[in-house]
Amino acid sequence: MSQHLTEYQNIIDSIRRIFEAKENEFIPLHAPNFIGNEKKYLNECIDSTFVSSVGPFVDRAEKDLCDYTGSKFAIACSNGTSALHIALKLCNVEQGDLVITQPFSFIATVNAISYCGAIPVFVDIDENTLALSPKKLKTFLETECTIENKTCVHKATGKKIKACVPMHTFGFCAEIDKLNSICTEYHIDLVEDAAESLGSFYKGIHSGNFGKFGTISFNGNKTITSGGGGVILCQDEDLAKKAKHLTTQAKVPHAWEFFHDEIGYNYRMPNINAALLCAQLEQIDNFIEQKRNLASQYLSLFAKFPEIQFLTEPNDQHSNYWLCSVLFPNKLERDAFLKLANAQKTMCRPGWELLFTLPMFENNCVMSDCDVSINIQSRLVNIPSSPYFARI
Ligand SMILES: Cc1ncc(COP(=O)(O)O)c(C=O)c1O
């Protein structure tokens, strides 16, 4: 039994005050805002009859995303998971290969690895960024792997390590420049799972622009949403063309003929989703400003409770604060808070179960020391993080 329930009640009351919640009003973890041109663009889209995977909003969304992120190319996809799947395919990840990722991530990261027939290698996270640790990655590669003919090989299994997928957790960026140089040294392709980090910049460069590919999600719970949607960022024209080809059923462009030159995927973002995305992108600076204001209110609030640590953006980055997080001293205290908050319609949730504990991976992965992930997972709570004015 926690001895701190009075303090936790205080925190919950303060969160509800920040959101100006009425009695019994539900505060979601993250709700979308449709306060711009969303309805206008959706109407235009419907009036034009172009609601599927061809239409002007898809092209415009890709251009707007390049402008916003500074990426040379952007390929709009049906969701963040499909974007990741195609990125890994274009890194030649095949049946029986290994792909490094972090155990503390949403299931989609590792599902995309499995769609390619590859097996995940779990390397620990860093306690400041909550993303893949460069130090642990280096140790794993130095001690467990070797380089043969410009390919990284895992000594114990003899399998090739084709790619590494760090994830920018809750909008905090990994130390992505360090990860990039380690991967380059070991001939491993870097794919950034930037699903949660639209609007997060590392040393002034947008997340997703460091690796061979970066992928972002526009699911309804993200900083901005297209309903469902995602994007692949890349800096190489050839790769961008290949990505677009694979996401559009590998159809060879022609005005009326149907020729497909390989097995492709129906992964293109529909125009109706792109219409929503264009309207949302117009407001992203405003949303992020609101979210960062919320983070500073939380910082002052949690300063009064020294046992609970509010996580602030690590050095060298500007975070979107997608989901604000706090660390409790232990699992017992975390669970006591979760129970109290959720009973009072204040949505808070723990971090994801570690991926190597899930039934489909527990005996089908390569493990390394993941002490930080285990510790963080048992203590972390995400607290309501919608832009300040988002009340439903
Ligand atoms: C870390 C991470 N990777 C991938 C995804 C997949 O994105 P989507 O839901 O758009 O498929 C998400 C979010 O949903 C995510 O949080």
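Atoms within each ligand, like the ligands themselves, are counted from 1 in listed order. Heavy-atom basis, side chains included; hydrogens, waters and symmetry copies ignored.
- Under the 4.0 Å criterion applied to side-chain N and carboxylate O atoms, Lys150 and Glu185 are not assigned as salt-bridge partners.
- Protein heavy atom nearest atom 16 (O) of ligand 1, with residue, atom name and distance: Glu196 OE2, 2.7 Å.
- In this structure, Lys251 is positioned above the aromatic face of Phe258, its NZ or CZ under 6.0 Å from the six-membered ring centre and within 45° of the axis.
- Atom 11 (O) of ligand 1 has its closest protein heavy atom at Thr81 OG1, 2.5 Å.
- With ligand atoms numbered from 1 in the order given, ligand 1 contributes 1 (C), 3 (N) to contacts under 4.0 Å with heavy atoms of Thr109.
- Of all protein heavy atoms, the one closest to atom 2 (C) of ligand 1 is Ala195 CB, 3.4 Å.
- Listed for the Arg292 side chain is no donor-acceptor partner under 3.5 Å among the backbone atoms of Phe287.
- Considering only non-hydrogen protein atoms, atom 14 (O) of ligand 1 sits nearest to Lys222 NZ, 2.9 Å.
- Considering both main-chain and side-chain atoms, Phe106 never comes within under 3.5 Å of ligand 1 through any nitrogen or oxygen pair.
- Less than 4.0 angstrom separates some heavy atom of Gly229 from each of these atoms of ligand 1: 10 (O).
- By heavy-atom distance, the residue among Ser105, Ala108, Ser217, Gly220 lying nearest atom 4 (C) of ligand 1 is Ala108.
- In this structure, Ala112 has no heavy atom closer than 4.0 Å to ligand 1.
- For the pair Asp126 and Lys135, the salt-bridge criterion is not met [side-chain N within less than 4.0 Å of a carboxylate O].
- At most 12 heavy atoms of other shown residues, nucleotides or ligands fall within 6.0 angstrom of atom CD in Glu127.
- For Asn293 and Glu289, the side-chain atoms include no donor-acceptor pair closer than 3.5 Å.
- Between Asp335 and Lys331, at least one side-chain N (NZ, or NE/NH1/NH2) sits under 4.0 Å from a carboxylate O, which counts as a salt bridge.
- Nearest protein neighbour of atom 3 (N) of ligand 1, counting heavy atoms only, is Asp193 OD2, 2.8 Å.
- Numbered from 1 in the order shown, with element, the atoms of ligand 1 that lie under 4.0 Å from a heavy atom of Met167 read 1 (C).
- For the 3.5 Å distance criterion, the side chains of Glu313 and Ser200 fail to qualify, holding no donor opposite an acceptor.
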